[in-house]
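Report on the following structure.
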There are 2 protein chains.
Amino acid sequence: MNKQSYLAAAERHCLLRGCKLTTLRRHILELVLEHDGVVKAYQVLADLQRERGVAAPPTVYRALDFLVEQGLLHKVDALNGFVVCSHFECNHHGLILVCEMCGRVEEIDASHFLGALQEVTEAVGFESREQNLLLTGVCKACHA
Amino acid sequence: MNKQSYLAAAERHCLLRGCKLTTLRRHILELVLEHDGVVKAYQVLADLQRERGVAAPPTVYRALDFLVEQGLLHKVDALNGFVVCSHFECNHHGLILVCEMCGRVEEIDASHFLGALQEVTEAVGFESREQNLLLTGVCKACHA
DNA sequence: AGGCGACTGTTATATAATAACATAATGACT
DNA sequence: AGTCATTATGTTATTATATAACAGTCGCCT
Ligand SMILES: [Zn+2]
Ligand SMILES: [Zn+2]
Ligand SMILES: [Zn+2]
Ligand SMILES: [Zn+2]
């Protein structure tokens, strides 16, 4: 999926959810899309400043939080970063693999697995919030 | 397991692994043990300062990193915190459930799951580093 | 027009983590 | 014991990450 159609789909996705992908939010989503893999908030901030002049952290964080909330991005806690979700339309349960060396991200479907996981947690009365699990490690390429 | 026997076991554990639980590291482990659930580095720092006078961040971070490396603590990325591992001696694959509301932590064994998980990731050539998985959500008590 | 709710701008600050270098303690070897 | 390498700790400064708080703007409804 190229960037233009991704952005169009993202816009539809937000509308369906009753909220708006504003110019700013869309801009920031574009900036994230420019990168491969994990992107950091302050990197996005720098990009934004380069393109638009002055900008402050809250501007970026608010937009990123919005995008995460809408499922367009996933937050990568282990790296203080964000990654694009490439299949936000299906109600997926993804397993996100982040390479510690190159920063590349691979999101694989693990619905069956995470369903089973949910059973385990529910057995102890725990209601899990996230539907996307994240693992850090070393990818195929870097692992050689 | 009470604190004294935990600390003794921790000391043995380190020796077996060919490194030392020094006075400082032990002290910081004790400070973590004082709390329930997730503890933050700067909280430990404050505790240390209260007990010992002056102390700086690197002192705490180095000790915490050591303890994580030895498997005595787990790092909770999602909350920038640390939790005690209560069964570091068995070669466990734990699933750590962190309550977003109260901060309490429950570590349940999920070896069979994580074994299956490993198979999935290996299928795409990814070598996962962590053996302990973390989920955030809402615990039984807070969930009512 | 007026008021409301959302989004955004702006300034300041809080929180988390590390770099870089200095000093001290430990242990191996002669 | 004395030398030397290694590890651990102290110290200062800085970088990185994230949020609070308030002010202004804009579209929309009445
Ligand atoms: Zn996804
Ligand atoms: Zn890689
Ligand atoms: Zn554990
Ligand atoms: Zn709770």
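A note on names: the letters A, B, ... follow the listed sequences, proteins ahead of strands, and every chain is numbered from 1. Computed from a predicted structure; not experimentally measured.
- Note: R12(B) CZ to L21(B) CG = 12.0 Å, rounded to the nearest 0.5 Å.
- Scanning residues 34-43 of chain B for heavy-atom distances under 4.0 Å to DNA chain C yields K40(B), Y42(B).
- In this structure, N80(A) reaches the dA18(D) phosphate: one of its side-chain N or O atoms is under 4.0 Å from OP1 or OP2.
- How far OG1 of T121(A) is from CG of L114(A): 10.5 Å, rounded to the nearest 0.5 Å.
- Looking at heavy atoms from C-beta onward, E51(A) lies in side-chain contact with L31(A) at the 4.5 angstrom threshold.
- Atom CZ in R26(A) sits roughly 17 Å away from atom P in dC7(C) (whole-Å rounding).
- In this structure a side-chain-to-backbone donor-acceptor pair under 3.5 Å is missing from H93(B) to G115(B).
- At whole-Å resolution of the value, CZ in F66(B) and P in dT7(D) are 13 Å apart.
- Side-chain atoms of K40(B) come within 3.5 Å of backbone N or O of L79(B) as a donor-acceptor pair.
- The CD1 atom of I108(A) sits 4.5 Å away from the CG atom of L95(A) when rounded to the nearest 0.5 Å.
- Rounded to whole Å, atom P of dT9(D) lies 13 Å from atom NE2 of H27(B).
- Residues of residues 45-65 of chain A that place a heavy atom closer than 4.0 Å to DNA chain D, in numerical order, are P57(A), P58(A), Y61(A), R62(A).
- Here the CD1-NE2 distance, from I96(B) to H74(B), works out to 4.5 Å after rounding to the nearest 0.5 Å.
- At whole-Å resolution of the value, CG in L79(B) and P in dA17(C) are 11 Å apart.
- Y61(A) is connected to L72(A) through a chain of hydrophobic side-chain contacts under 4.5 Å among Ile, Leu, Val, Met, Phe, Trp and Tyr, so both are in one cluster.
- The distance from atom CG of D77(B) to atom P of dA16(D) is 19 Å, rounded to the nearest whole Å.
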>> I need a per-nucleotide contact map over nucleotides 23-29 of chain C, read 5' to 3'. Cutoff is protein heavy atoms under 4.0 Å; write B for the base, S for backbone only, - otherwise.
In response: ---S---
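- Distance check: L29(A) CG to L73(A) CG gives 6.0 Å after rounding to the nearest 0.5 Å.
- Side chains of H35(A) and D47(A): a donor-acceptor N/O pair is present below 3.5 angstrom, by distance only.
- Under the 3.5 Å distance criterion, the side-chain polar atoms of Q49(A) are matched with a main-chain donor or acceptor of A55(A).
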